[in-house]
> 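Sharing a structure with you now.
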Amino acid sequence: MNSHDDTRPGEMTDTQLDQLLAAANRELLGHIETTADPHRALTAIMIGSTQEAPPSETATPAISHDPDRHPAIGMITIRLRARDLVLDLDSTSDIMLNGVPPRGLSRHYGSHHDLVVSRDRRRIFAIARDRRDARDRSRTLGIDKDPDNDPEKDLALDYERSSTWDLATGATDRTLLRDMAQDIARDRRRTRDLDSGLARDVDSVRDIARDIARDIDLVHARAHGRALGRASDLARNLASELDSALDHVLAYDLARDHDIARDFAHARALAQDLTHDIGFVLSSALSLAVELARDLDAQQVDASGADLSTLEIKHLDALDRTIWTRQTTWPPSIADQVEARSEEIRPGVYQIHFGNTSDRHALTLV
Amino acid sequence: MQVRTDWISFYDTHYHRVVRFVMHNGASQADAQDAAQEAFIESWALMSSDPDRWQAITGKEAWIRAVALRRYRRPPGPRRRPLIAGDEIPDLPAPEPGHEELTVQAQLVLQALRALDEEARTVMAFDLDDIPAADIARELDITQQRVRDVKKKARTILKQELAGNVTPGRSQP
């Protein structure tokens, strides 16, 4: 503010005006800080933003945006969903890292690899014809009449066993090639469906991570707890990692678009590389999810007076260290277990402890 | 992630100050809180949908105040009737200032600001929040010289008003 002196007789000086304005400014701010709740406003801001967000397709709905809903409900719900996320990622990541291709992708590609050893369709044609000739020789040698006594039969039978084609009908070479193409096409369709399944799984897990991140923001706004900021960041990093995983899965389109009859070996190698990459990304996402779950567990949850009776609590350890009172209402199915696992920390105030009991796993699932 | 954290910090720092700014422009506290909340909703939406555009805003402190003021000055409804010069001011509280009541000094300054015309009141409200003249000029779409001229005349009127020379409805020459 200005402090130049421009005074008329009887008027305030600039200095006096500045002092008065500054003092009134501070007092008004103090009054506003005392009477205006910024957290409530911030909650309204967050609610306004989340209500505009596209709907999630996850099975479990996001926590209620009702500003009057007890904050403990939000925190417990987030903890439960974080555990579900860890379990989902754990199973998916394990499959990928152990080299098992997505739903047998490489296996289906590989079943024809021995046949399709060359890009030269004439060579394939020749192989098929030789096998047909071998079958004819076996018949000439009278294998059908005396299958056990003719040594040349073994040669023909061995030749047949080495083939994956059924030559019993004596099909022409063109028919053999047609059959081969049909088999490849069928396996491609099956692989495409399996790829889509994996993509849906990753997409679903990613949506869970995004919902958790949004719900953390909402609880953060209400509680104004800066400690939740890190959990929020973790959740968003997790969603970003899963976006990357989904991109990798969708890259299977490259393998599918190859002319498998000509480039089968390359497609198989690409599938194996992608499998490894997806496994690595999912493993990274799993680490983030575990870290997120731990971070959420570290937050204090006070469920004093909360009505939790409608919550579906699948993982009891999500309630570890939760504070409650006799005014708290638990789901009937777990109320006894909560009582058994609680100690009174203050008169009328209880805290749940799961600790490191050996039977914790049995307690965890309802 | 950092953008979001910075926004929350920005909100923490400026929410109450924006409420005060709108009150300096003639709003009741309730209306000022509504306007401030709407302004921060708008800023949150911008930060979320277009973080680059949000970060490109220079003088965010002035920007959020200007947005809040526009929200407040929308066509008035039952909830948004602004106080104008000449409206009856509630009785002054007992001499002992407390946290529950607005102080005498604060009420007198609010009353004196209402004696200014709209432009002068807004310039002074910005100035009371230590917003630089350049930012004031940009938000009000006037020149910095105009900002200085308006402020000088406004201070002259305030000195007269606060020295006990109350003339309701007086406008700036």
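In the text below, chain A, chain B and the rest are named by the order of the sequence lines, each starting its count at 1. What's counted below: heavy atoms across the whole structure, side chains too, no hydrogens, waters or symmetry copies.
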> Does R321(A), at its CZ atom, have more than 12 non-hydrogen atoms belonging to other residues, nucleotides or ligands within less than 6.0 Å?
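Above 12, so yes.
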
> Give me the atom names and distance for the closest heavy-atom approach of T103(B) to E27(A).
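Smallest interatomic distance, heavy atoms only, reads OG1-OE1, 2.5 Å.
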
> Could you check which of D129(B), V109(B), L113(B) has the highest count of heavy-atom pairs closer than 4.5 Å to chain A?
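Ranked by contacts with chain A, first place is V109(B).
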
> Which heavy atom in R20(B) sits nearest to a heavy atom in N25(A), and how many Å separate them?
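So the minimum-distance heavy-atom pair works out to NH1-O, 3.0 Å.
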
> Is it the backbone or the side chain of F40(B) that comes under 4.5 Å from a heavy atom of chain A, or both, or neither?
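Contact with chain A is through both the backbone and side chain of F40(B).
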
> State whether the side chain of Y11(B) and the backbone N or O of P38(A) hold a donor-acceptor pair below 3.5 Å, judged by distance alone.
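Flag set: sc Y11(B) to bb P38(A) pair under 3.5 Å.
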
> Once you round to the nearest 0.5 Å, how far does CG of L20(A) lie from CG of L158(B)?
9.0 Å

> Do the side chains of H16(B) and T35(A) get nearer than 4.5 Å, heavy atoms only?
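No; the side chains remain at least 4.5 Å from each other.
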
> Take D18(A) and R155(B) through the test side-chain contact (heavy atoms from CB on, under 4.5 Å) and record every step on the way to the result.
CA-CA 9 Å; D18(A) 289 338; R155(B) 287 175 61 85; 2.8 Å; yes

> Quick one: pull up CD in Q33(B) and CD1 in I32(A) and give me the separation to the nearest 0.5 Å.
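So the gap between those two atoms works out to 7.5 Å.
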
> What distance separates Q107(B) CD from L28(A) CG, expressed to the nearest 0.5 Å?
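Going from CD on Q107(B) over to CG on L28(A), the span is 10.0 Å.
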
> Just to verify, what does H24(B) make a ring-ring contact (aromatic ring centres under 6.0 Å, His included) with, not counting sequence neighbours?
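None.
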
